[in-house]
Q: 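Next up is a structure, given as structure tokens.
We're numbering straight along the sequence, starting at 1.
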Amino acid sequence: MHTRRNGEFVVSMRGGSFGGYSSSRGSFGSYRKGPAQERSSFKHLGHLKRLFPYVKQYRWVLAFSLLGLLVTRALMMYQPLLMKTAIDSLSYTEIEPNYVYPALGILAIVIVHSGIYIATRWALRRISIAITYDLRKRLFDHIQFQGPTFFNRFGTGDLMSRAVNDVRMVRMAASFGWVMILQTLMTFLMGVAFMVHQAPALAGWALLPLPLVGMVGWIMARGMYPYYRERQEAMAEVTSFAQENLNGIRTIQAMAQEDHEIARFRRSSTVYAQKCYRATRYQTFMGVAMQATSTISPLIIMFYGGLLVLSGDITVGTWTAFSFYLAMVTMSVTSIGHSLAMFVAAAAGTERLFEVLDAEPEVVDDPHFQPSGPIEGRLEFRKFSYRHPGAPRPTISNIDLHVNAGETVALLGRVGSGKSTILKAAVRLLDTPKGSVFLDGHDVCDFPVRNLREVVTLVPQDPFLFSATLRENLTYDDPERPDDPIWDAVDAAGLGPTIREMADELATIVGERGITLSGGQKQRATLARGLIRDAKVLLLDDCFSSVDTETEDRILSGLERLRGSKTTLLISHRVSTARHADRIYVVDNGRVLETGTHAELLAKKGYYAELEAVQSNQELDRSRKSQLLRDLEVADDEPALAAVPGDG
């Protein structure tokens with residue numbers, strides 16, 4: 001149902017609302033006149049100056065392309081003169097007919113024009129592709145070194161939208177835009193010069209409305225900025241939603257929420273469609289306004305120019321040539337408005353791109369520092385404290401933690417106690433405070449990040465696998481590794497029997513994010529990927545949460561065999577895991593509650609002892625249940641055995 005309310009057009013329909021917009025199956029939501037935002041100005045177009053470094057490196061190609069296009073425009077200026085010669089020779093008996101040479105001249109101009117035009121457009125296309133490549137490469141490279149605060153601000157879908165859609169908007173202005181402006185300006189000046197040369201009086205009247213056309217284009221182009229900006233932001237929302245939805249598709253299907261997600265996507269897409277419609281409507285209205293104002297000059301030519309022809313002041317050929325020149329001039333003035341619209345769209349895209357590129361990396365290192373001597377693997381935390389940005393209280397408060405070279409140390413504590421933050425600080429996945437974390441007596445903040453992460457390997461809590469083969473995932477940092485160390489790491493991680501049962505073994509494709517593997521298999525695969533690096537220090541962030549206790553025991557035995565005298569710092573929620581460590585730190589609310597060996601902590605009868613008692617009772621209960629089930633199975637089999645003939 002369509003209604004009007006306070007000058008606004010509203011489409012009534014069934015469905016919920018999303019972001020202030022109603023929605024339904026395939027329908028648009030409420031439509032308002034447009035975003036009440038600041039109009040674009042030179043301040044917004046100023047974003048384009050940040051594209052100069054990308055354009056500058058192709059300046060010579062752009063210069064030759066511009067020269068070629070100016071030559072084609074100059075050649076085009078001679079076509080109306082040739083047409084004038086032919087028309088006048090056929091219109092007036094006192095002039096000898098002459099149409100063959102003008103026709104051949106026009107043909108030659110068209111051939112030369114086509115060759116130059118194809119070459120220049122090819123060059124500009126190559127520049128456009130090169131600028132797109134440079135922008136996307138810089139954007140991707142910049143994102144690789146960002147930290148958690150950055151990714152809290154920019155979602156994956158938003159970054160994808162900026163890398164695809166915003167770069168596409170920018171590239172045309174960066175390559176074609178500058179050339180089009182100069183080409184349009186030269187076309188206007190040459191066209192006006194030829195018009196004045198052919199009929200000065202008629203040119204004065206014909207050019208009179210053109211400033212109005214340019215003013216309309218400029219004013220309307222200034223109003224397009226908020227429309228393009230909002231359209232790009234809505235596109236980013238759709239991309240983010242789709243990316244998150246596809247990543248969580250198994251959860252959606254398990255919860256039978258497909259229809260709910262389809263409805264949510266429809267609402268998000270409706271918002272984007274509305275933004276596109278607004279921008280398109282405004283641009284269309286701009287085109288209509290420009291065309292309407294630009295028709296005044298042809299009307300003047302038709303009436304006043306016709307009177308001049310009848311009075312004999314100008315010839316029919318002159319009137320025809322003048323009409324062609326006016327069309328060129330009018331087209332150039334009209335295209336200025338469209339060029340400005342393109343620059344406004346590019347300014348919106350440039351602003352969004354440099355919002356990402358201006359984000360400073362949270363972790364900055366000194367690439368020139370080199371520690372003296374080989375790394376032994378001694379890790380120390382001295383009065384280490386850390387507060388995540390925006391958090392109400394510190395995650396870690398004044399922790400002292402020492403891991404000697406070759407030791408295995410366990411961190412045990414409840415969820416959210418700060419254990420993972422400790423491991424991330426060791427490899428500087430967050431902005432580690434200077435003077436708080438040391439490797440072999442050297443502040444980790446002095447190490448180049450790349451070198452630090454080569455000697456200190458973190459196996460994160462969330463197992464992530466690439467959509468590739470198992471071999472490619474396991475040897476991610478060095479694909480040229482031979483099979484022996486791969487199988488050693490796989491067996492130590494307890495994944496060897498599983499891989500050997502697969503038809504393609506290490507060549508098995510695991511699918512996106514390892515979708516073909518179970519949670520425990522993915523966790524063991526990421527553990528093997530960490531073990532295969534044979535780093536001096538290995539950090540394991542709760543890598544046994546998805547495996548049973550029997551598999552856990554096999555993995556711990558493999559770790560002891562493979563790691564030997566190297567340093568290992570692991571997080572666990574299980575006493576059965578922590579008890580194998582040389583020392584145990586019990587962490588709670590960002591502080592160390594207890595520390596010692598398994599026996600020492602049991603003797604203290606504190607938090608660790610209570611946790612051990614609870615988990616031991618649970619393990620005992622599970623063992624009793626398993627034994628009861630086995631007894632029942634045996635009891636069920638006995639009557640069947642007794643009924644076998646001759647048995648007795």
Q: I need the minimum non-hydrogen distance between Ser65 and Ala123, along with the two atoms involved.
A: OG-CB, 3.6 Å
Q: Indicate yes or no for a side-chain donor-acceptor contact from Thr567 to the backbone of Gly377 under 3.5 Å, with no hydrogens or angles considered.
A: yes
Q: Closest approach of Arg136 and Val164, non-hydrogen atoms and distance?
A: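 Scanning both residues, the minimum pair turns out to be NH2-O, 3.2 Å.
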Q: Using a strict threshold of under 4.0 Å (side-chain N to carboxylate O), is an ion pair present between Arg352 and Glu355?
A: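 Salt bridge: no.
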Q: Given Leu474 and Arg481, is the side-chain contact (heavy atoms from CB on, under 4.5 Å) satisfied, shown in steps?
A: CA-CA 10 Å; Leu474 296 174; Arg481 280 193 178 93; over 6 Å; no
Q: Do the side chain of Ser385 and the main chain of Asn398 share a donor and acceptor less than 3.5 angstrom apart?
A: yes
Q: Using only atom types and a distance under 3.5 Å, with no angle test, would you say the side chain of Arg428 pairs donor to acceptor with the backbone of Arg453?
A: no
Q: Looking at CG of Leu538 and CG of Leu540, how far apart are the two atoms once the value is rounded to the nearest 0.5 Å?
A: 4.0 Å
Q: Supply the atom-to-atom distance Leu159 CG to Leu353 CG, rounded to the nearest 0.5 angstrom.
A: 10.5 Å
Q: Could you note down all residue pairs passing ring pair (Phe, Tyr, Trp, His ring centres under 6.0 Å) where residues 126-163 supplies at least one of them, sequence neighbours left out?
A: Phe150-Phe154
Q: Whether the side chain of Asp443 engages the backbone of Phe438 through a donor-acceptor N/O pair (distance < 3.5 Å, no angle test) should be reported.
A: no
Q: Which value, rounded to the nearest 0.5 Å, describes the distance between Ile129 atom CD1 and Arg126 atom CZ?
A: 6.5 Å
Q: If only atom types and distance count, is the side chain of Lys419 paired as donor or acceptor with the main-chain N or O of Gly413 below 3.5 Å?
A: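 Confirmed, Lys419 side chain pairs with Gly413 backbone.
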Q: Decide yes or no for Pro460 and Thr526: does some side-chain heavy atom of the first lie under 4.5 Å from some side-chain heavy atom of the second?
A: no
Q: Heavy-atom distance under 4.5 Å between the side chains of Gln57 and Asp134, does that happen here?
A: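 Contact flag for Gln57/Asp134 side chains = yes.
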Q: List for me each residue that meets side-chain hydrogen bond (donor to acceptor under 3.5 Å, both in side chains) alongside Asn589, sequence neighbours excluded, and say none if there are none.
A: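 In terms of side-chain hydrogen bond (donor to acceptor under 3.5 Å, both in side chains), with neighbours along the sequence ignored, Asn589 is linked to no residue.
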Q: Against Leu135, only a single residue in Val170, Thr350, Asp166 fulfils side chain to side chain contact (heavy atoms under 4.5 Å, CB included); can you say which?
A: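 Considering Val170, Thr350, Asp166, a side chain to side chain contact (heavy atoms under 4.5 Å, CB included) with Leu135 is found only for Val170.
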Q: Flag yes if more than 12 heavy atoms outside Arg59 fall under 6.0 Å of its CZ atom; otherwise flag no.
A: yes
Q: If you apply the rule side-chain contact (heavy atoms from CB on, under 4.5 Å), what do you find for Val437 with Phe384, and how did you get there?
A: CA-CA 7 Å; Val437 184; Phe384 170 57; 4.1 Å; yes
Q: Search all heavy atoms of Arg533 against all heavy atoms of Glu454 and return the closest pair with its distance.
A: NH2-CA, 3.7 Å
Q: Can you name the salt bridge (charged side-chain N to carboxylate O under 4.0 Å, His left out) partners of Asp478, sequence neighbours left out?
A: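 Asp478: no salt bridge (charged side-chain N to carboxylate O under 4.0 Å, His left out) contacts found.
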Q: Using a strict 4.0 Å threshold on nitrogen-to-oxygen distance, state whether Lys434 and Asp446 make a salt bridge.
A: yes
Q: To the closest 0.5 Å, what do you measure between CD (Glu351) and CZ (Arg162)?
A: 9.0 Å
Q: Once rounded to the nearest 0.5 Å, what's the spacing between atom NE2 of His388 and atom OG1 of Thr421?
A: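 Nearest 0.5 Å value for the NE2-OG1 distance: 4.0 Å.
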Q: Short question: side chain of Ser128, backbone of Leu124 - any donor-acceptor pair under 3.5 Å?
A: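 Side chain of Ser128 to backbone of Leu124, a donor-acceptor pair under 3.5 Å: no, none is there.
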Q: At their closest point, which heavy atom of Ile116 faces which heavy atom of Gly68, and how far apart are they?
A: CG2-O, 3.3 Å
Q: Going by the side chain to side chain contact (heavy atoms under 4.5 Å, CB included) test, name the single residue among Leu439, Leu569, Leu452 that passes it with Val537.
A: Leu439
Q: Got a donor-acceptor contact below 3.5 angstrom from the Arg382 side chain to the Gly435 backbone?
A: no
Q: So, do Ile131 and Ile127 sit near enough that their side-chain heavy atoms are less than 4.5 Å apart?
A: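 When only atoms from C-beta onward are counted, Ile127 and Ile131 do touch, with a gap below 4.5 Å.
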Q: Could you name each residue pair satisfying salt bridge (charged side-chain N to carboxylate O under 4.0 Å, His left out) that touches residues 140-149, not counting sequence neighbours?
A: Lys137-Asp141
Q: Please report the interatomic distance CD1(Ile486) to CD1(Ile532), rounded to the nearest 0.5 Å.
A: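 Nearest 0.5 Å value for the CD1-CD1 distance: 5.0 Å.
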Q: Does Phe64 have any ring pair (Phe, Tyr, Trp, His ring centres under 6.0 Å) partners at least two apart in sequence or in another chain, and if so, which?
A: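 Ring pair (Phe, Tyr, Trp, His ring centres under 6.0 Å) check on Phe64 returns nothing, list empty.
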Q: Are any side-chain N or O atoms of Thr432 and backbone N or O atoms of Ala425, one a donor and one an acceptor, separated by less than 3.5 Å?
A: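 Yes.
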Q: Test side-chain contact (heavy atoms from CB on, under 4.5 Å) on Gln146 and Val356 and set out the steps.
A: CA-CA 10 Å; Gln146 297 301 320; Val356 175; over 6 Å; no
Q: Suppose we screen for side-chain hydrogen bond (donor to acceptor under 3.5 Å, both in side chains). Which residues come up paired with Arg73, at least two apart in sequence or across chains?
A: Thr187
Q: Using side-chain heavy atoms (C-beta onward) and a distance below 4.5 Å, is Leu411 in contact with Leu401?
A: yes
Q: Could you please spell out the steps behind the side-chain contact (heavy atoms from CB on, under 4.5 Å) verdict for Val459 and Arg529?
A: CA-CA 8 Å; Val459 179; Arg529 184 166 60 197; over 6 Å; no
